[in-house]
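What's counted below: heavy atoms across the whole structure, side chains too, no hydrogens, waters or symmetry copies.
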Amino acid sequence: QVQLVESGGGLVQAGGSLRLSCAASGRTFSSSAMGWFRQAPGKERDFVAAINWSGAITYYADSVKGRFTISRDNAKSTVYLQMNSLRPEDTAVYYCAARPYGSTKSSLGAYDYWGQGTQVTVSS
């Protein structure tokens with residue numbers, strides 16, 4: 001069993017930055033691919049970024065490429081999402097997800113565990 005707790009969301013002006021954190025419990029974190037997804041009001045949950053177990057492989061949605069960076073610290077069982085140059089369209093609830101013993105994937109169904117989400121609001 002893996003529990004995930006996101007933090008770091010908030011209200012920021014367009015062009016600003018936020019850093020999201022996702023703390024994981026359980027012994028499989030260092031063997032898990034991790035992903036970030038987001039869901040805006042009235043929309044489906046979409047892929048944002050993913051990282052493999054070692055941090056050597058990352059994968060981004062086109063909409064955030066060059067602005068967002070995913071990273072992880074296996075010693076702290078934490079995955080991060082650094083978000084720069086934020087836009088109003090980045091407003092959403094951001095979720096982290098874990099895929100134990102799996103490779104990086106962009107599909108929701110590939111992930112076994114989910115956090116409760118953290119709200120990010122970007123004002124124009």
Interatomic distance, CD@Q3 vs OG@S77, rounded to 0.5 Å, equals 13.0 Å
Using 0.5 Å steps for rounding, measure from the CG atom of L11 to the CD atom of Q119. 9.5 Å
Do any side-chain atoms of residues 106-113 form donor-acceptor pairs under 3.5 angstrom with protein atoms, and if so which ones, sequence neighbours left out?
unit_1, atom_1, unit_2, atom_2, d
Y111, OH, K105, N, 3.4
Y111, OH, K105, O, 2.6

Which heavy atom in G9 sits nearest to a heavy atom in V120, and how many Å separate them? CA-CG2, 4.1 Å
Minimum-distance pair of heavy atoms, taken over all atoms of S124 and P88: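 Closest approach of S124 to P88: CB-CG, 3.8 Å.
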Could you pull out all residues at least two apart from A23 that satisfy side chain to side chain contact (heavy atoms under 4.5 Å, CB included)?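 Residues passing side chain to side chain contact (heavy atoms under 4.5 Å, CB included) with A23: T78.
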Any pair counted as disulfide bond (SG atoms under 2.5 Å apart), so long as it reaches [range], sequence neighbours left out:
| range | value |
| --- | --- |
| residues 74-105 | C22-C96 |
| residues 37-89 | none |
| residues 34-80 | none |

Among residues two or more places apart or on two chains, list those pairs meeting ring pair (Phe, Tyr, Trp, His ring centres under 6.0 Å) that have a residue in residues 89-109. none
I'd like to know if the side chain of Q39 and the backbone of A92 have a donor-acceptor N/O pair within less than 3.5 Å.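 Pair absent, no side-chain N/O of Q39 close to backbone of A92.
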Okay, side chain of T118, backbone of S7: is any donor-acceptor separation there less than 3.5 Å?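 Answer holds: no.
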May I have all residue pairs that pass salt bridge (charged side-chain N to carboxylate O under 4.0 Å, His left out) and include part of residues 89-99, sequence neighbours excluded?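 Of all non-adjacent pairs touching residues 89-99, those that pass salt bridge (charged side-chain N to carboxylate O under 4.0 Å, His left out) are R38-D90, R67-D90.
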K65: which residues meet the salt bridge (Lys or Arg N to Asp or Glu O under 4.0 Å) condition with it, sequence neighbours left out? D62
Provide the full list of side-chain hydrogen bond (donor to acceptor under 3.5 Å, both in side chains) pairs with a residue in residues 25-37, sequence neighbours left out, each pair given once.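 Qualifying pairs: none.
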Can you give the donor-acceptor pairs under 3.5 Å from side chains of residues 54-61 to other protein atoms, not counting sequence neighbours?
unit_1, atom_1, unit_2, atom_2, d
S54, OG, N52, ND2, 3.3
S54, OG, A56, N, 3.2
Y60, OH, I70, N, 2.9

Knowing that exactly one of T91, L18, T121 qualifies, which makes a side-chain contact (heavy atoms from CB on, under 4.5 Å) with V12? L18
Starting from W53, can I reach I51 by hopping between I/L/V/M/F/W/Y residues whose side chains sit under 4.5 Å apart?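 I51 does not cluster with W53.
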Could you tabulate the donor-acceptor pairs under 3.5 Å formed by side-chain atoms of residues 80-87, not counting sequence neighbours?
unit_1, atom_1, unit_2, atom_2, d
Q82, NE2, N84, OD1, 2.9
N84, OD1, S17, OG, 2.9

With sequence neighbours excluded, what pairs up with W114 under the ring pair (Phe, Tyr, Trp, His ring centres under 6.0 Å) test?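 Ring pair (Phe, Tyr, Trp, His ring centres under 6.0 Å) check on W114 returns F37.
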